[in-house]
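First up is the structure itself, then whatever we jot down about it.
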Amino acid sequence: MDLLYRKLLAGVVSCVWLLAASGCSLIDDRTENYVNAPAGDPLKTPDGEPLPRAREAYPIRNLDGATSGGLMPSDIPRPPDMTSEILEENYLVENLGDQTWVLVNEVPGRVWPSVSAFMNERGLGVAYESTQLGILQSEVANYSQRARQLLEMPESGEAEASTVVQARVAPGIRRKTTEVQFRVRRLDQAPDQLLTWPSQSDAPELERKLLESLAVFLKEREDNKSYSRAALRMSNAPKVRLQSGGEQAAGIEMTVPYDRAWAEVRRALDEARIPVVDLDRSEGRFYVDFRTEDEREPGWFSWFTDAPEPIYSFHVRLEETNEGVFVTTGKAPDYQGADRSQRLLSELFEYLY
């Protein structure tokens with residue numbers, strides 16, 4: 001019995017050795033099968049509509065079909081850097097009316113230490129801070145030569161107001177972003193506590209220069225990011241929420257001023273490529289064309305005609321509330337197509353947040 005077992009074992013080992021020597025395998029090698037695999041159909045919703053913003057998770061450049069069959073796995077082009085789209089909009093100085101801020105694609109807890117470091121390196125220092133309020137307040141800038149130069153203060157021995165700088169680090173409207181603002185305060189006497197944040201700016205041009213300098217500073221420190229444990233107490237409540245009513249979405253709640261909400265909704269419509277036929281700011285309405293692609297397609301004669309003009313088929317409404325602004329959508333009274341207002345609301349929320 002022992003001899004029979006040894007013969008069987010020797011036979012199995014011999015077979016495996018022969019297969020390995022001849023380059024064969026007991027398991028089919030499918031490493032290169034994806035090179036010639038056909039592309040699948042795009043995903044669609046149950047009603048046949050393409051999913052909003054449907055795209056490849058790892059896009060690969062288009063290849064010539066005649067040559068793609070001869071490619072080895074090592075010849076497949078590398079996919080583009082997926083962070084490039086984010087970084088293009090990082091450290092941007094944005095403004096709306098008299099409000100200006102730096103948009104950072106990072107959570108507030110990681111931006112807070114960098115803003116504190118900026119104030120210290122520029123000679124402003126940090127005298128008071130509150131992570132709960134998201135505010136840092138500098139020391140009196142009058143006694144620092146670097147701070148005086150930064151704030152463009154004249155070299156004069158005359159009596160002058162005490163100047164301090166406040167920075168506010170707050171969650172942005174868009175997901176996982178932070179907005180940083182500055183306020184230059186000129187006071188009759190040096191403060192002995194953290195001052196309340198003023199909604200209006202007294203030195204918008206100077207504050208914009210500070211923000212531009214901060215943007216450069218943050219970009220240079222991209223590889224040296226740190227996290228503040230104290231900043232964990234900062235509010236991370238989103239400023240854009242999708243409110244539900246029963247089984248359907250009722251609207252989008254935005255805890256920002258009306259002007260900011262109007263600008264953000266307009267940006268979202270543009271990015272979603274939803275044509276705006278008309279708008280009425282006083283009524284808080286965008287009149288848009290949100291028909292399906294089949295409805296907008298002119299048919300067989302599209303080659304001989306100009307692109308069809310957009311038609312008012314749905315609207316987006318902004319209404320001020322005690323908490324901020326409430327955004328709803330609806331179908332135009334004269335539009336006879338299917339009611340896609342819920343889909344419009346969902347797509348708008350996706351681009352807003």
Side-chain angles (χ1 to χ4, degrees), residues 89-108 111-112 114-116 118-119 122 124 129-138 150-152 163-187 194-219 234-241 252-271 279 281-282 284 286 318-327 348 351-353:
E89 298 183 358
N90 207 4
Y91 313 120
L92 284 183
V93 178
E94 301 181 332
N95 70 284
L96 179 65
D98 63 344
Q99 302 295 321
T100 308
W101 63 90
V102 168
L103 177 65
V104 185
N105 286 292
E106 190 58 88
V107 294
V111 178
W112 179 273
S114 298
V115 175
S116 179
F118 170 81
M119 296 179 67
R122 294 300 190 269
L124 294 170
E129 64 178 31
S130 171
T131 54
Q132 188 172 4
L133 299 175
I135 299 176
L136 301 100
Q137 184 171 300
S138 76
L150 180 68
L151 301 179
E152 302 177 354
T163 302
V164 297
V165 175
Q166 289 181 300
R168 184 171 71 172
V169 181
I173 289 182
R174 303 165 213 179
R175 185 183 290 109
K176 292 184 179 180
T177 63
T178 301
E179 295 176 3
V180 184
Q181 290 183 284
F182 282 119
R183 288 289 186 268
V184 178
R185 310 286 300 273
R186 295 182 174 89
L187 311 167
L194 182 66
L195 304 174
T196 58
W197 179 265
S199 59
Q200 300 298 321
S201 170
D202 293 329
E205 292 300 325
L206 179 57
E207 291 165 4
R208 183 179 181 88
K209 291 180 181 179
L210 290 176
L211 291 171
E212 291 172 350
S213 180
L214 174 65
V216 174
F217 179 84
L218 293 175
K219 190 172 182 63
M234 296 179 64
S235 172
N236 288 318
K239 295 183 178 180
V240 179
R241 299 184 183 88
I252 301 172
E253 181 181 320
M254 304 181 68
T255 54
V256 294
Y258 182 84
D259 291 345
R260 181 71 188 276
W262 179 269
E264 291 294 334
V265 170
R266 182 58 192 263
R267 173 192 60 79
L269 291 171
D270 291 341
E271 291 184 1
L279 52 85
R281 186 186 177 92
S282 61
F286 289 94
L318 283 70
E319 184 178 1
E320 289 190 87
T321 64
N322 294 332
E323 292 76 20
V325 178
F326 196 67
V327 182
L348 189 61
Y351 281 87
L352 277 173
Y353 186 61

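Given the structure is predicted, the values throughout are model-derived calculations rather than measurements.
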Can you tell me how far apart [atom1] ([X]) and [atom2] ([Y]) are? Round to the nearest 0.5 Å.
X: Asn105; Y: Leu218; atom1: CG; atom2: CG; value: 11.5 Å
X: Leu151; Y: Ser138; atom1: CG; atom2: OG; value: 7.5 Å
X: Arg122; Y: Leu210; atom1: CZ; atom2: CG; value: 10.0 Å
X: Phe326; Y: Thr321; atom1: CZ; atom2: OG1; value: 8.5 Å
X: Asp98; Y: Asp259; atom1: CG; atom2: CG; value: 9.5 Å

Please report the closest heavy-atom contact between [X] and [Y], naming both atoms and the distance.
X: Pro238; Y: Tyr353; value: CB-OH, 3.5 Å
X: Gln99; Y: Ser199; value: NE2-O, 2.8 Å
X: Met119; Y: Val165; value: CE-O, 3.8 Å
X: Ala170; Y: Pro108; value: C-CG, 4.3 Å
X: Glu207; Y: Val184; value: OE2-N, 3.0 Å
X: Ala268; Y: Leu348; value: CB-CD1, 3.8 Å

Under 3.5 Å, is there a donor-acceptor pair between the side chain of [X] and the main chain of [Y]?
X: Lys239; Y: Pro171; value: yes
X: Thr178; Y: Glu106; value: yes
X: Thr131; Y: Gly134; value: no

Could you please spell out the steps behind the side-chain contact (heavy atoms from CB on, under 4.5 Å) verdict for Leu136 and Trp112?
CA-CA 9 Å; Leu136 301 100; Trp112 179 273; 3.6 Å; yes
Quick test of your reading of the model: are Glu94 and Arg267 salt-bridged, counting only N-O distances below 4.0 Å?
no
Salt bridge between Glu205 and Lys209, side-chain N to carboxylate O under 4.0 Å?
no
Looking at Asp202, I want to see if its CG is surrounded by more than 12 non-hydrogen atoms of other residues, nucleotides or ligands under 6.0 Å.
no
Heavy-atom check, side chain of [X] versus side chain of [Y], under 4.5 Å:
X: Leu194; Y: Leu133; answer: yes
X: Met254; Y: Val265; answer: yes
X: Tyr351; Y: Asp270; answer: no
X: Leu206; Y: Phe182; answer: no
X: Gln181; Y: Ser201; answer: no
X: Val240; Y: Arg175; answer: no
X: Phe217; Y: Val102; answer: no
X: Leu195; Y: Arg183; answer: no

Taking it one step at a time, do Ile173 and Leu352 satisfy side-chain contact (heavy atoms from CB on, under 4.5 Å)?
CA-CA 8 Å; Ile173 289 182; Leu352 277 173; 5.5 Å; no
Is there a side-chain contact (heavy atoms from CB on, under 4.5 Å) between Thr196 and Gln166 once you walk through the steps?
CA-CA 10 Å; Thr196 58; Gln166 289 181 300; over 6 Å; no
Give the C-alpha distance, both sets of side-chain angles, the deciding distance and a yes or no for side-chain contact (heavy atoms from CB on, under 4.5 Å) between Tyr91 and Leu103.
CA-CA 5 Å; Tyr91 313 120; Leu103 177 65; over 6 Å; no
